[in-house]
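All remarks here apply to the structure that follows.
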Amino acid sequence: MARSTAGGRRRDGEAEQIVDAALARIAADGWARLSLAAVAAEAGLPILRVYRSFRSKRAILRAVFRRLDEAALAEPPVPEIGERPRDRLFDLLMRRLDAARPFKPALTELRRALPADPPTALLAGALLLRSMRWMLDAADVTTGGLRGAAAVKLTAAAYVAVLRVWEGDDGEDLGATMAALDARLRRIERWLLPTGRAQPGSKPLPA
């Protein structure tokens with residue numbers, strides 16, 4: 001049993017090594033030129049080892065999303081007195097952006113390349129919606145029904161808008177990014193509240 005566990009850890013470590021190599025190649029050469037052969041060369045691994053973990057570069061993209069989601073969801077938001085769903089969601093989304101910081105050049109290049117690759121753009125859109133659903137679930141915001149579906153889509157749109165600010169934010173504390181995210185979440189806050197509950201004194205704007 002111990003041998004199997006150790007083998008699983010090695011495979012997980014190798015998969016992370018492959019994802020790191022792919023992100024390095026995306027930053028250097030762009031998404032369109034990325035290949036499993038280039039990833040294998042960057043990682044210093046035989047291409048068969050890469051292929052055993054990821055059958056395509058889109059499979060690596062799924063792993064990138066999963067890495068960021070797991071970083072955000074590793075621990076629940078710390079409860080605070082008087083906190084609102086928006087506060088919890090803000091914390092989770094900032095965790096996700098913090099986890100993405102080391103890979104900003106690659107993720108910026110990837111976002112810019114998506115319009116020229118419709119199949120990958122569709123996949124990225126689906127992965128983003130799934131990620132935002134998980135963030136909302138963790139923030140204790142309903143994602144069921146029409147209202148929940150709207151909350152997921154509005155949160156995804158807010159996140160994409162904030163990404164453009166984040167890409168140019170070189171501040172250590174990501175102050176510009178935090179301000180943009182706070183403003184965007186305030187605009188959709190009524191969709192984050194339980195049904196029938198309105199935030200006192202607030203007049204949400206359309207997203």
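Quick note: numbers below take in every heavy atom, side chains included, and nothing from hydrogens, waters or symmetry partners. Sequence positions, counted from 1, serve as the residue numbers for this chain.
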Inset, instruction - Kindly give the heavy-atom pair with the smallest separation between Ala63 and Phe54, and that separation in Å. - result: CB-CE2, 3.6 Å
Legend entry - Residue pair Asp29 / Leu34, side-chain heavy-atom distance below 4.5 Å: no
Legend entry - Closest approach of Ile26 to Leu110 (non-hydrogen atoms, all atoms of both residues): CG2-N, 4.4 Å
Legend entry - Short N-O contact, Asp117 and Lys57, less than 4.0 angstrom: no
Legend entry - Closest non-hydrogen atom pair between Pro85 and Val141, with its separation: CB-CG2, 3.7 Å
Legend entry - Path from Val165 to Met135 over hydrophobic side-chain contacts below 4.5 Å: no
Legend entry - For the student: nearest non-hydrogen atoms of Ala158 and Arg184, plus distance: CB-CB, 3.9 Å
Inset, instruction - May I ask you to check whether over 12 heavy atoms, not counting those of Leu146, lie within 6.0 Å of atom CG? - result: no
Legend entry - Separation of Leu154 CG from Leu192 CG (nearest 0.5 Å): 8.5 Å
Inset, instruction - Mark yes when over 12 heavy atoms from residues, nucleotides or ligands other than Arg101 sit less than 6.0 Å from its CZ; otherwise mark no. - result: yes
Inset, instruction - Could you note down all residue pairs passing salt bridge (charged side-chain N to carboxylate O under 4.0 Å, His left out) where residues 158-169 supplies at least one of them, sequence neighbours left out? - result: Arg111-Glu167
Legend entry - Any residue meeting side chain to side chain contact (heavy atoms under 4.5 Å, CB included) with Arg67, in chain and number order, not counting sequence neighbours: Glu16, Val19, Asp20, Leu23, Phe103
Inset, instruction - Grab the two heavy atoms, one from Ile60 and one from Ala22, that are nearest each other, plus how far apart they are. - result: CG2-CB, 3.6 Å
Legend entry - Salt-bridge criterion met for Arg133 and Asp137 (N-O under 4.0 Å): no
Legend entry - Closest non-hydrogen atom pair, Glu42 against Ala24: OE2-CB, 3.8 Å
Inset, instruction - Enter the distance from Arg52:CZ to Leu45:CG here, rounded to the nearest 0.5 Å. - result: 11.5 Å
Inset, instruction - Drop me the distance from Arg86's CZ to Leu181's CG, to the nearest 0.5 angstrom. - result: 10.0 Å
Legend entry - Spacing of CG belonging to Asp182 relative to CD belonging to Glu189, to within rounding of 0.5 Å: 9.0 Å
Inset, instruction - To the nearest 0.5 Å, tell me how far Arg33 CZ sits from Arg25 CZ. - result: 8.5 Å
Inset, instruction - Applying side chain to side chain contact (heavy atoms under 4.5 Å, CB included), run through Arg49 and Ile18 and close with a yes or a no. - result: CA-CA 9 Å; Arg49 298 259 288 275; Ile18 292 167; 5.7 Å; no
Inset, instruction - Kindly work out whether a path of hydrophobic side-chain contacts (I/L/V/M/F/W/Y, heavy atoms less than 4.5 Å apart) joins Phe65 to Leu122. - result: no
Inset, instruction - First locate atom CG of Leu68, then atom CG of Leu127, and finally report the distance between them rounded to the nearest 0.5 Å. - result: 11.0 Å
Return a table of donor-acceptor pairs under 3.5 angstrom between the side chains of residues 87-97 and protein atoms on other chains or two or more places apart.
from	atom 1	to	atom 2	distance (Å)
Asp87	OD2	Arg84	N	2.8
Asp87	OD2	Arg84	NE	3.4
Arg88	NE	Ala139	O	2.7
Arg88	NH1	Glu83	OE2	3.3
Arg88	NH2	Ala139	O	3.0
Asp91	OD2	Arg95	NH2	3.2
Arg95	NH1	Ala72	O	3.1
Arg95	NH1	Glu75	O	2.3
Arg95	NH2	Pro76	O	3.3
Arg96	NE	Asp69	OD1	2.9
Arg96	NH1	Tyr159	OH	2.9
Arg96	NH2	Asp69	OD1	3.1
Arg96	NH2	Ser131	OG	3.3

Inset, instruction - Identify whether NZ of Lys or CZ of Arg in Arg55 sits under 6.0 Å from the centre of the six-membered ring of Tyr51 and within 45° of that ring's axis. - result: yes
